[in-house]
Trainee: 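Below is one structure. I have some questions about it.
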Amino acid sequence: MASQYYQEMQESFRNNNKSREFPAHTAKVHSVAWSCDGRRLASGSFDKTASVFVLEKDRLVKENNYRGHGDSVDQLCWHPTNPDLFVTASGDKTIRIWDVRTTKCIATVTTKGENINICWSPDGQTIAVGNKDDVVTFIDAKTHRSKAEEQFKFEVNEISWNNDNDMFFLTNGNGCINILSYPELKPIQSINAHPSNCICIKFDPTGKYFATGSADALVSLWDVEELVCVRCFSRLDWPVRTLSFSHDGKMLASASEDHFIDIAEVETGEKLWEVQCDSPTFTVAWHPKRPLLAYACDDKEGKYDNNREAGTVKLFGLPNDS
């Protein structure tokens with residue numbers, strides 16, 4: 001029997017399965033993220049800028065474009081509790097903290113290498129940034145100074161704190177999840193999670209699970225307390241690039257070079273819905289309060305002509321009649 005939640009969400013998506021796209025950048029979008037209150041969506045692009053939209057009913061209205069980086073903005077994230085601050089990581093060897101109230105860059109922190117991964121600690125005090133040389137730098141969010149720096153002997157992919165802020169997780173090129181104590185940064189455990197490159201990691205908002213996506217096209221769901229794999233989702237055929245849990249922790253979106261985004265029910269692993277795409281998807285993010293999914297694809301392929309401006313942000317879950 002399908003769960004009641006499953007039936008409710010199926011019904012919801014039947015009535016709200018429209019996707020709409022919004023011009024955001026002049027080149028492909030690498031990263032999308034919602035502010036903690038869900039009012040704003042930020043996107044980071046290969047065009048060296050970040051854009052911020054305000055969500056108004058069923059559309060995204062462009063508020064500002066943030067310039068200053070000298071290279072691609074590869075990842076960005078918002079402050080966990082302050083909806084006005086976000087941080088961008090760039091290949092220009094800096095991270096920048098921005099304030100949407102003044103639309104200014106309030107800090108530029110120079111790092112050792114080309115930055116590809118960034119996350120903000122749940123307590124808001126620290127920003128961790130990973131670069132192409134597998135160095136992770138921990139930056140004090142108030143003083144903007146580096147507190148610690150760790151060089152790893154493996155390929156570091158995505159990084160994240162657990163929700164309790166006392167452990168730090170890294171996914172690596174050998175298919176492992178490395179767990180460090182925080183703030184001591186002492187190794188606690190290394191889990192052999194996948195037979196190939198472990199690409200992305202996300203924690204669910206309730207703190208019960210985390211998910212990892214791998215080059216073997218599998219998504220694994222892990223119990224945070226036990227550190228065991230609870231189930232796998234195997235509907236994608238290509239390396240899993242991006243993951244996002246819904247606000248209630250009950251849905252998990254995953255995407256790859258497959259031309260659809262898989263939306264799974266977390267507790268059963270069943271497919272709730274799939275969002276059709278014309279090209280590979282780089283990034284997905286559920287809204288923190290509603291069943292709305294922001295995402296960005298490689299706009300250059302598929303049915304569009306090459307003159308068309310690439311760099312749109314898309315929103316799925318809109319009413320069919322909107």
Side-chain angles (χ1 to χ4, degrees), residues 75 77-81 87 89 95 111-113 115-142 145-216 218-233 239-245 249 252 254 266-267:
Q75 209 173 29
C77 62
W78 291 83
H79 187 290
T81 54
V87 62
I95 68 163
T111 58
K112 293 245 170 96
N115 299 313
I116 45 175
N117 285 312
I118 196 157
C119 59
W120 210 312
S121 63
D123 64 8
Q125 291 179 16
T126 313
I127 295 165
V129 57
N131 70 25
K132 284 183 178 168
D133 305 316
D134 309 315
V135 174
V136 178
T137 307
F138 294 85
I139 294 157
D140 187 309
K142 286 206 172 63
R145 291 204 173 90
S146 168
K147 294 200 281 197
E149 202 174 75
E150 288 284 316
Q151 169 76 62
F152 294 94
K153 293 184 175 67
F154 47 76
E155 177 191 319
V156 174
N157 291 320
E158 212 162 43
I159 52 179
S160 180
W161 273 271
N162 63 338
N163 298 14
D164 291 339
N165 217 110
D166 60 0
M167 291 195 282
F168 191 77
F169 287 63
L170 309 99
T171 59
N172 80 27
N174 312 324
C176 293
I177 305 163
N178 291 83
I179 308 171
L180 309 176
S181 62
Y182 189 81
E184 305 80 24
L185 300 176
K186 296 276 179 286
I188 296 179
Q189 199 166 343
S190 174
I191 304 172
N192 286 325
H194 292 271
S196 56
N197 198 338
C198 193
I199 299 169
C200 45
I201 183 166
K202 280 288 179 304
F203 282 78
D204 100 61
T206 69
K208 189 174 172 186
Y209 299 120
F210 66 93
T212 55
S214 163
D216 61 14
L218 290 177
V219 175
S220 304
L221 185 73
W222 300 82
D223 181 300
V224 169
E225 292 295 310
E226 309 286 334
L227 296 176
V228 294
C229 181
V230 186
R231 67 186 56 91
C232 278
F233 307 83
V240 183
R241 288 186 182 169
T242 175
L243 297 165
S244 181
F245 281 97
L252 179 61
S254 53
V266 169
E267 284 304 338

Trainee: Does any N or O in the side chain of D140 come within less than 3.5 Å of the main-chain N or O of R145, such that one atom is a donor and the other an acceptor?
Mentor: no
Trainee: Let's go through N131 and T111 carefully: what are the C-alpha distance in whole Å and the side-chain angles of both, what is the deciding distance for side-chain contact (heavy atoms from CB on, under 4.5 Å) to 0.1 Å, and is it a yes or a no?
Mentor: CA-CA 9 Å; N131 70 25; T111 58; 5.8 Å; no
Trainee: Can you tell me how far apart CG (N174) and SG (C198) are? Round to the nearest 0.5 Å.
Mentor: 10.0 Å
Trainee: Should the pair F168 and F138 be assigned to parallel (<30°), tilted (30 to 60°) or perpendicular (>60°) ring geometry?
Mentor: perpendicular
Trainee: Does the side chain of M167 reach to within under 4.5 Å of the side chain of Q189, using non-hydrogen atoms?
Mentor: no
Trainee: Considering non-hydrogen atoms only, spot the tightest contact between V266 and G249 and give its length.
Mentor: CG2-O, 3.4 Å
Trainee: Please find the pair of heavy atoms, one from A211 and one from L252, that lie closest to each other, and give the distance.
Mentor: CB-CD2, 3.8 Å
Trainee: Do the side chain of S220 and the main chain of C229 share a donor and acceptor less than 3.5 angstrom apart?
Mentor: no
Trainee: What's the separation between atom CG in L185 and atom NZ in K147, rounded to the nearest 0.5 Å?
Mentor: 10.0 Å
Trainee: Using the rule given for side-chain contact (heavy atoms from CB on, under 4.5 Å), can you reason through I179 versus L227, listing the C-alpha separation, both sets of side-chain angles and the distance that settles it, and then say yes or no?
Mentor: CA-CA 10 Å; I179 308 171; L227 296 176; 3.8 Å; yes
Trainee: Between V87 and C77, is any pair of side-chain heavy atoms under 4.5 Å apart?
Mentor: yes
Trainee: Does CD belonging to Q151 count more than 12 external heavy atoms closer than 6.0 Å?
Mentor: yes
Trainee: List the atom of N178, the atom of S190, and the distance in Å for their closest heavy-atom pair.
Mentor: ND2-OG, 3.6 Å
Trainee: Between F233 and S254, is the side-chain contact (heavy atoms from CB on, under 4.5 Å) condition met? List the steps.
Mentor: CA-CA 9 Å; F233 307 83; S254 53; 5.7 Å; no
Trainee: When rounded to the nearest 0.5 angstrom, what distance separates NE2 in H79 from CD in Q125?
Mentor: 8.5 Å
Trainee: Quick one, F152 with L180, criterion side-chain contact (heavy atoms from CB on, under 4.5 Å). Give me CA distance, side-chain angles, the key distance, then yes/no.
Mentor: CA-CA 12 Å; F152 294 94; L180 309 176; 3.8 Å; yes
Trainee: Are any side-chain N or O atoms of T171 and backbone N or O atoms of E158, one a donor and one an acceptor, separated by less than 3.5 Å?
Mentor: yes
Trainee: State, without any angle test, whether Y182 and T126 hold a side-chain donor-acceptor pair at a distance under 3.5 Å.
Mentor: yes
Trainee: Ring centroids only, cut at 6.0 angstrom: are F245 and Y209 within range, meaning strictly under it?
Mentor: no
Trainee: When rounded to the nearest 0.5 angstrom, what distance separates NE2 in H194 from CD1 in I199?
Mentor: 9.0 Å
Trainee: Rounded to the nearest 0.5 Å, how far does CZ of F210 lie from CG of N163?
Mentor: 11.0 Å
Trainee: What's the separation between atom CD1 in I177 and atom CH2 in W222, rounded to the nearest 0.5 Å?
Mentor: 4.5 Å
Trainee: Measure across S214 and S196 and return the closest heavy-atom pair with its distance rounded to 0.1 Å.
Mentor: OG-O, 3.4 Å
Trainee: Measure from the side-chain N and O atoms of N172 to the backbone N and O of F154, and report whether any donor-acceptor pair falls under 3.5 Å.
Mentor: no
Trainee: Are the side chains of L221 and D204 in contact, using a 4.5 Å heavy-atom criterion?
Mentor: no
Trainee: Which pair of non-hydrogen atoms, one from C200 and one from V240, has the smallest distance, and what is that distance?
Mentor: SG-O, 3.6 Å
Trainee: Taking Q75 for the side chain and I118 for the main chain, is one N or O donor matched with an acceptor at less than 3.5 Å?
Mentor: yes
Trainee: What is the minimum heavy-atom distance between P195 and D216, and which atoms define it?
Mentor: CD-OD2, 3.0 Å
Trainee: Does a side-chain heavy-atom distance below 4.5 Å link K112 with D133?
Mentor: no
